K.L.:
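I am attaching a structure below and will ask some questions about it afterwards.
These numbers come from a predicted model, not from an experiment.
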Amino acid sequence: MENVFVVRYSEIGLKGKNREWFEKKLIDNILRIVRPAAVNKRYGRIIVRIGRNNPDEISERLKYVFGIQNYSIGYSVKHDLEELKTIVLELARKHVDDGLKKFKINTQRGYKEFPLTSIDINRQYGAYVLEAFPNLKVDVHNPDFEIGIDVREKEIFVFSGKIQSSGGLPVGVSGRALLLLSGGIDSPVAGWYAMRRGLELQTLTFLSPPLTTEKSVEKVLELGKILSKYLPNGLRMWVVPLTDIQTYIKENVPDEYSIILQRRSMMRIASMIARRVKAKALITGENLGQVASQTIENMASIEAASSLLILRPLVGFDKVEITKKAKEIGTFETSIQPYIDSCVAFAPKKPATKSNIDEILEIESRLDRLSDLEYAAFKSRVDYRLKNEQ
Ligand code: ATP
Ligand code: MG
């Protein structure tokens, strides 16, 4: 007998080549993130063999693999009808202890030489369960729990219960994107949603040394560590100093526009880095209307500076929902630490809420040192590489 996990993924919209690619990527990601003994693909399911690993740890790590809808805990047993009975009763007992009442046995017999048909097995093992737990009832249409039996040529899988996982698509199937990661609550959550749609991430953070200290770097690395758990190849994090650009803008631009101009510089530098690392899009934690820099007019003025597609996964969420998600994925506590990123340090007293792109372009065209400063900032980028570690 061996512990296994039976992993299910959503097949909706997956056809032909797409499906093969999806499954291959999912299996590869399970191997890298969960690090089980082995995985096998069987009829639209993936069997994760855990070998000597601790099942609780494996179960925990499966939650970090996007593309998995849900999974069951199960066992692989030999073609041994007595052992099968023991396991079926053990699984049923767990559900009875949880107060469940109606069940169903669902057998699939891929190995046609097996002496019992799937209907025989359903009946016979259903009867064993009823005998052991007289308060249970069979309900094939609306069971509280299901015990799955999958008879294969060399073994039988027995499993039950469905643990919901994170859903989405396997990281990597949608290509790579660069997340603009501030120290705030929103951008790590935006990164989580981007990864959930199959994007592999790298991050970019702008800091304002010496106004920001090593603590700000540590804080961002801490956030990165949480995101890296979902990334089979780990996370590459870029940090760029923005201080010279911010100072220059502050000295030469009306205070109310300084944020927009800073953000436009960020977009240009982000685009340069993204092209270098072959990222196809920028991701931000922007969310309509939360703060002055996030009116639709200002977002448009900022976006115009980017040469890449910008995705804003949080645009449809309320702050309460974003905060809830941040708590769920574990980034909230780090995000609320008081170490500032660059923007807070140079925030204007009263930022413009409705910028006009022509006016912005006109102001920007007078900043003749800006592109040199941006290039210098780009050149002084540093990167950190985090492994996928739990
Ligand atoms: P967050 O909670 O993510 O900091 P916010 O509500 O503070 O967002 P803004 O300050 O307008 O909103 O930032 C909007 C987005 O711009 C951020 O979500 C992030 O993607 C990007 N951003 C802002 N500041 C930085 C920074 N210093 N480095 C990298 N990206 C940044
Ligand atoms: Mg912020």
Side-chain angles (χ1 to χ4, degrees), residues 33 56-57 59-68 163-168 171 177-208 211-232 234-239 263 266 270 282-294 299 310-345 347 384 386-390:
I33 296 174
D56 294 337
E57 276 171 25
S59 178
E60 190 54 35
R61 282 189 233 149
L62 279 169
K63 295 193 178 136
Y64 291 109
V65 183
F66 285 118
I68 297 178
I163 300 169
Q164 289 306 315
S165 197
S166 304
V171 164
L178 183 64
L179 168 69
L180 277 87
L181 179 68
S182 69
I185 294 170
D186 302 343
S187 41
V189 177
W192 189 90
Y193 280 110
M195 290 190 289
R196 194 158 92 128
R197 294 314 297 167
L199 283 168
E200 185 200 323
L201 290 188
Q202 295 195 7
T203 64
L204 166 60
T205 304
F206 295 95
L207 295 176
S208 317
L211 285 166
T212 57
T213 65
E214 252 334 273
K215 285 279 186 200
S216 299
V217 180
E218 284 167 25
K219 175 179 177 180
V220 171
L221 290 177
E222 199 63 42
L223 292 171
K225 205 169 149 193
I226 297 170
L227 297 178
S228 75
K229 295 182 180 192
Y230 298 87
L231 293 164
L235 177 64
R236 191 168 185 192
M237 304 182 74
W238 299 94
V239 175
R263 289 291 162 92
M266 284 189 189
L282 303 180
I283 314 286
T284 74
E286 285 168 309
N287 177 270
L288 262 179
Q290 266 191 30
V291 291
S293 59
Q294 295 179 15
M299 268 159 73
I310 300 179
L311 297 176
R312 302 175 177 86
L314 303 187
V315 83
F317 292 96
D318 288 341
K319 191 73 188 183
V320 188
E321 293 167 322
I322 299 170
T323 304
K324 185 167 167 248
K325 193 74 197 175
K327 286 181 180 163
E328 238 171 73
I329 64 175
T331 52
F332 182 79
E333 287 304 321
T334 306
S335 288
I336 59 171
Q337 285 173 13
Y339 312 111
I340 54 173
D341 56 63
S342 67
C343 269
V344 194
Y384 300 84
L386 308 190
K387 284 205 192 109
N388 169 277
E389 267 172 293
Q390 307 300 327

K.L.:
Using side-chain hydrogen bond (donor to acceptor under 3.5 Å, both in side chains) as the criterion, list what pairs up with Thr331, not counting sequence neighbours.
P.N.:
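None.
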K.L.:
Are Ser165 and Val65 packed together at the side-chain level, in the sense that at least one heavy-atom pair is separated by less than 4.5 angstrom?
P.N.:
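They are not in side-chain contact.
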K.L.:
Aromatic rings Phe66 and Tyr230: how do their planes relate, parallel, tilted or perpendicular, breaks at 30° and 60°?
P.N.:
parallel
K.L.:
Taking all non-hydrogen atoms of both residues into account, name the closest pair between Trp192 and Leu227 and its distance.
P.N.:
N-CD2, 4.4 Å
K.L.:
Could you state the interatomic distance from CG (Leu207) to CD (Glu214), rounded to the nearest 0.5 Å?
P.N.:
9.0 Å
K.L.:
From Thr323 OG1 over to Asp318 CG, what is the distance, rounded to the nearest 0.5 angstrom?
P.N.:
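The OG1 atom of Thr323 sits 10.0 Å away from the CG atom of Asp318.
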K.L.:
Once you round to the nearest 0.5 Å, how far does CD1 of Ile226 lie from OG of Ser335?
P.N.:
8.0 Å
K.L.:
Between atom OG of Ser228 and atom CE of Met195, what is the distance when rounded to the nearest 0.5 Å?
P.N.:
8.5 Å
K.L.:
Check whether Thr203 reaches the backbone of Leu179 with its side chain - one donor and one acceptor, N or O, closer than 3.5 Å.
P.N.:
no
K.L.:
Might you work through the side-chain contact (heavy atoms from CB on, under 4.5 Å) test for Val217 and Tyr384, ending with a clear yes or no?
P.N.:
CA-CA 10 Å; Val217 180; Tyr384 300 84; 3.5 Å; yes
K.L.:
Of all residues at least two apart in sequence or in a different chain, which pass the side-chain hydrogen bond (donor to acceptor under 3.5 Å, both in side chains) check with Thr334?
P.N.:
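Once residues adjacent in sequence are excluded, Thr334 has no partner under the side-chain hydrogen bond (donor to acceptor under 3.5 Å, both in side chains) criterion.
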K.L.:
Restricting to side-chain contact (heavy atoms from CB on, under 4.5 Å), what partner residues turn up for Val220, sequence neighbours left out?
P.N.:
Leu181, Thr205, Met237
K.L.:
List in chain and number order the residues that pass ring-ring contact (aromatic ring centres under 6.0 Å, His included) with Tyr193, two or more places apart in sequence or in another chain; answer none if no residue qualifies.
P.N.:
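Expected list: Phe317.
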K.L.:
My understanding is that only one of Leu314, Val315, Leu311, Ile310 makes a side-chain contact (heavy atoms from CB on, under 4.5 Å) with Thr284; could you say which?
P.N.:
Ile310
K.L.:
For the atom pair NZ (Lys229) and CG (Leu386), what is the distance rounded to the nearest 0.5 Å?
P.N.:
12.0 Å
K.L.:
Any side-chain heavy atom of Lys319 within less than 4.5 Å of one from Asn287?
P.N.:
no
K.L.:
Name all pairs fulfilling the salt bridge (charged side-chain N to carboxylate O under 4.0 Å, His left out) condition that reach into residues 196-208, sequence neighbours left out, sorted by first residue then second.
P.N.:
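Sorted result for residues 196-208: Arg176-Glu200.
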K.L.:
Please name all residues satisfying salt bridge (Lys or Arg N to Asp or Glu O under 4.0 Å) with Arg312, sequence neighbours left out, ordered by chain then number.
P.N.:
Glu286, Glu303
K.L.:
Sub-3.5 Å donor-acceptor pair from the side chain of Ser59 to the main-chain atoms of Asp56, do we have one?
P.N.:
no
K.L.:
Nearest heavy-atom pair of Glu321 and Gly316: which atoms, and what distance?
P.N.:
OE1-O, 4.4 Å
K.L.:
My understanding is that only residues two or more places apart in sequence, or in another chain, count here; which of them pass side-chain contact (heavy atoms from CB on, under 4.5 Å) with Ile336?
P.N.:
Ile185, Phe332, Glu333
K.L.:
List the residues meeting side-chain hydrogen bond (donor to acceptor under 3.5 Å, both in side chains) with Ser216, not counting sequence neighbours, and say none if there are none.
P.N.:
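Result, side-chain hydrogen bond (donor to acceptor under 3.5 Å, both in side chains) vs Ser216: none returned.
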K.L.:
Quick check: do Ser187 and Leu180 have side-chain heavy atoms less than 4.5 Å from each other?
P.N.:
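No - every pair of side-chain heavy atoms lies 4.5 Å or more apart.
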K.L.:
Could you pull out all residues at least two apart from Glu57 that satisfy salt bridge (Lys or Arg N to Asp or Glu O under 4.0 Å)?
P.N.:
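Checked Glu57 against salt bridge (Lys or Arg N to Asp or Glu O under 4.0 Å); matches are Arg61.
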K.L.:
Using side-chain heavy atoms (C-beta onward) and a distance below 4.5 Å, is Lys219 in contact with Asp341?
P.N.:
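No, every pair of side-chain atoms sits at 4.5 Å or beyond.
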K.L.:
Can you see which heavy atom on Ile283 is nearest to which on Ala194, and at what distance?
P.N.:
CD1-CB, 3.8 Å
K.L.:
List the atom of Pro313, the atom of Ala190, and the distance in Å for their closest heavy-atom pair.
P.N.:
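Closest heavy-atom pair between Pro313 and Ala190: CG-O, 3.5 Å.
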K.L.:
Going by the rule salt bridge (Lys or Arg N to Asp or Glu O under 4.0 Å), which residues pair with Glu328 if we only count those two or more places apart in sequence or in a different chain?
P.N.:
Lys325
